[in-house]
Amino acid sequence: MSLRLYDTLTRTAREFVPREPGKVGIYLCGVTVQAEPHIGHLRSGVSYDVLRRWLGYLGYQVTFVRNITDIDDRVLARSIDEGVPWWALAYHNERILADCYATLGVLPPTYEPRATGHIPEILSLIDVLIERGHAYRGLGGNGDVYFDVRSFPEYGALSRQQVDHMQAAEDGESRAKRDPRDFALWKAYKPTEPADAQWATPYGPGRPGWHIECSAMARRYLGDEFDIHGGGVDLVFPHHENEIAQSRAAGFGFARHWMHNGLLNHAGEKMSKSIGNVVYLRTLIDLGLRPVEIRYYLALPHYRSLIEYSEPAIREAAAAYQRIENFVQRANERVGQVTPTELPPEFVAAMNDDLNTPKAIAVVHDVVRDGNAALADGDDTSVREALAKVRGMLDLLGLDPLQAPWVSDTRGSREKELRAVVERLVTSTLEQREQARARRDYATADALRDQLKQAGILVEDSPRGPRWTLAEGAM
RNA sequence: GGCGGGAUGGCCGAGUGGCUUAGGCAAGGGCCUGCAAAGCCCUGUACGCGGGUUCGAUUCCCGCUCCCGCCUCCA
């Protein structure tokens with residue numbers, strides 16, 4: 001069974017055929033680091049992380065490039081507002097972004113290039129476009145360089161727009177353009193911008209336009225042609241359309257497959273700083289949600305569907321994840337480490353069908369149910385089998401509770417010792433409780449259980465004796 | 001105005017021309033338990049509205065309503 005992925009260019013789910021057998025190159029439009037990322041940005045990160053893990057499962061060697069836009073109008077504007085250097089602002093937010101990704105278990109990309117680190121690549125691409133007659137210097141010598149949309153007949157193919165039907169941008173530079181729809185490859189330095197936000201070039205001092213960096217960096221790390229290009233649906237036009245125009249007009253094959261994730265809305269609108277409806281990762285953590293639960297929430301709906309954020313919905317997702325996690329913990333206590341087994345075919349089929357994670361997770365729940373029944377029946381063979389399957393599936397979604405980063409690393413800390421101490425204390429109390437239960441002194445038994453609960457420890461009885469866990473929010 | 005996506009049971013969320021019509025959360029009933037927790041079993045009977053195609057449509061076609069996104073910075 002082969003992987004089928006929806007391709008925005010053809011508007012169909014197509015079989016994924018790598019350019020080179022066994023290898024996949026992916027370019028994902030990352031984030032402009034003008035501010036702290038919100039969970040909408042992070043959703044995109046999680047979606048493509050699942051894709052990447054799945055490609056790895058299918059045996060591909062994945063080169064995953066996710067860029068950082070560290071200079072653009074907004075970064076500069078904000079740096080002036082805040083009175084900090086634009087590069088300091090960008091780096092500060094880049095660190096927060098990296099931290100958020102790590103918190104949600106998003107694997108680091110193979111490369112994470114920054115726009116400002118690729119000025120030479122950008123300039124040489126612009127040169128090629130000028131040479132080939134697809135770009136020109138701003139009329140009247142304004143120092144900008146524009147892409148000539150009319151020179152590229154395919155323009156509009158991705159977004160299915162026709163140049164003539166587009167609303168012309170009414171920016172101040174329109175008089176310097178041959179056509180109002182032409183877009184800037186290079187932007188001349190303006191005195192209102194930070195003095196250090198400029199590079200000397202044959203066209204005059206300035207900085208790159210937004211779209212050109214992706215064309216330049218994708219080529220730098222993935223070559224003239226590569227497998228998959230991804231980003232949010234809000235990037236289809238103009239950003240990705242312009243990338244295609246730049247790269248293909250320059251003579252490169254560019255992306256063979258276009259993927260776009262759905263957005264995350266809040267209060268009926270797209271989450272965005274300017275609308276003011278943003279929710280941050282830390283907001284959710286302050287709500288008592290654990291990162292793994294947040295990841296589950298973001299990974300559960302199909303990547304192309306819209307998520308309308310709401311607190312009840314994310315809490316519900318947390319409860320659903322806990323059900324899975326409960327099984328994994330219990331089963332692990334019973335049978336311990338399991339050897340990886342083949343994944344359920346329904347799971348594989350769902351993932352191969354344009355990454356149908358809701359269906360795939362339904363399979364996880366099905367196996368969890370069987371596993372719970374096996375646990376109740378004391379059928380360790382079946383428990384072991386179910387656990388291996390569940391953990392295998394969860395691992396590909398980045399949700400295995402027994403895998404990093406969800407298990408705490410106690411190496412070199414005293415936490416391990418602390419745990420051992422708690423273990424001894426709880427065990428001793430539980431022994432007293434068992435003695436009380438044995439003599440049918442339930443008042444004492446219940447008092448001991450309540451005492452532990454007060455301390456944040458939940459006790460459950462089973463035919464195999466009591467079991468304890470840390471209560472939710474025991475901190 | 002142009003281009004796209006969507007409306008599924010109390011809620012979240014897949015999916016399908018008919019067959020026992022995902023999965024989860026919540027709810028009710030049962031089992032298990034000293035009680036509880038966890039778990040297992042059972043129950044609900046949904047596809048925005050109006051037409052059409054069809055033996056049969058939630059699923060295909062047409063129209064309508066409403067929502068979201070893009071066309072300006074945007075994952």
Of all the choices, B/C3, B/A22, B/C71, which nucleotide is nearest to the side chain of A/R160 once you look at every atom?
B/C3

Closest to the A/T32 side chain: B/C68, B/C25, B/A75?
B/A75

Euclidean distance, atom [atom1] of residue [X] to atom [atom2] of [N] [Å, nearest integer]:
| X | N | atom1 | atom2 | result |
| --- | --- | --- | --- | --- |
| A/Q162 | B/C71 | CD | P | 18 Å |
| A/I307 | B/A7 | CD1 | C1' | 17 Å |
| A/Y297 | B/C12 | OH | P | 10 Å |
| A/E269 | B/C68 | CD | P | 7 Å |
| A/R52 | B/A75 | CZ | P | 20 Å |
| A/H260 | B/C3 | NE2 | P | 19 Å |
| A/N93 | B/A75 | CG | P | 12 Å |
| A/I228 | B/A75 | CD1 | P | 20 Å |

Would you write out the dot-bracket form of RNA chain B, 5' to 3', with Watson-Crick and G-U pairs under 3.5 Å, [ ] for crossing pairs, | for pairs to other strands and . for unpaired bases?
(((((((..(((.....[....))).(((((.......)))))....(((((..]....))))))))))))....

Between [X] and [Y] (salt bridge meaning N to carboxylate O under 4.0 Å), is one present in this structure?
| X | Y | result |
| --- | --- | --- |
| A/E36 | A/R282 | yes |
| A/E293 | A/R290 | yes |
| A/R207 | A/E193 | yes |
| A/D179 | A/K177 | no |
| A/R114 | A/E94 | yes |
| A/D446 | A/R449 | yes |
| A/D7 | A/R256 | no |
| A/D49 | A/R53 | yes |
| A/D400 | A/R391 | yes |
| A/D366 | A/R369 | yes |
| A/D354 | A/R4 | no |
| A/R330 | A/E460 | yes |

Classify [X] by what it touches in the nucleic acid, base, sugar-phosphate, or nothing, heavy-atom distance under 4.0 Å.
| X | value |
| --- | --- |
| A/A362 | base |
| A/G40 | base |
| A/R467 | nothing |
| A/V236 | nothing |
| A/L28 | nothing |
| A/H365 | sugar-phosphate |
| A/G268 | sugar-phosphate |
| A/G156 | nothing |
| A/S272 | nothing |

Under 3.5 Å: donor-acceptor pair, side chain of [X], backbone of [Y]:
| X | Y | answer |
| --- | --- | --- |
| A/W406 | A/G398 | yes |
| A/N277 | A/S272 | yes |
| A/H229 | A/M259 | no |
| A/D353 | A/N356 | no |
| A/D70 | A/T116 | yes |

Work out how far the [atom1] atom of [N] is from that of [M], and round it to whole angstrom.
| N | M | atom1 | answer |
| --- | --- | --- | --- |
| B/C60 | B/C55 | C1' | 16 Å |
| B/A27 | B/C11 | C1' | 11 Å |
| B/A57 | B/C19 | P | 12 Å |
| B/A22 | B/G44 | P | 11 Å |
| B/G69 | B/G9 | C1' | 28 Å |
| B/C32 | B/A37 | P | 15 Å |
| B/G39 | B/U20 | C1' | 24 Å |
| B/C31 | B/A38 | C1' | 14 Å |

What one-letter contact string describes nucleotides 33-41 of chain B from 5' to 3', where B marks a base within less than 4.0 Å of any protein heavy atom, S marks contact via sugar-phosphate atoms alone, and - marks no contact?
-BBBBSSSS

Reading nucleotides 27-32 of chain B from the 5' end, what letters show protein touch, with B for base, S for backbone sugar-phosphate only, - for no heavy atom under 4.0 Å?
------

RNA chain B: A/G262 or A/E308, which has the more 5' nearest nucleotide?
A/E308

Walking RNA chain B from its 5' end, the first of A/A313 and A/R11 to be reached, judged by nearest nucleotide, is A/R11

Could you go through nucleotides 42-48 of chain B and list every protein N or O atom that sits under 3.5 Å from one of its N or O atoms, giving the distance for each pair?
none

Flag for A/N261-A/S47: side-chain donor and acceptor within less than 3.5 Å
no

So, using side chain to side chain donor-acceptor pair (under 3.5 Å) as the criterion, who are the partners of A/Y221 when residues are at least two apart?
A/H118

Under 3.5 Å between N/O atoms: give me all the protein pairs with nucleotides 14-16 of chain B, atom names plus distance.
from: B/A14; atom 1: OP1; to: A/H302; atom 2: N; distance (Å): 3.0
from: B/A14; atom 1: OP1; to: A/S305; atom 2: OG; distance (Å): 3.0
from: B/A14; atom 1: O3'; to: A/N356; atom 2: ND2; distance (Å): 3.4
from: B/G15; atom 1: OP1; to: A/N356; atom 2: ND2; distance (Å): 3.4

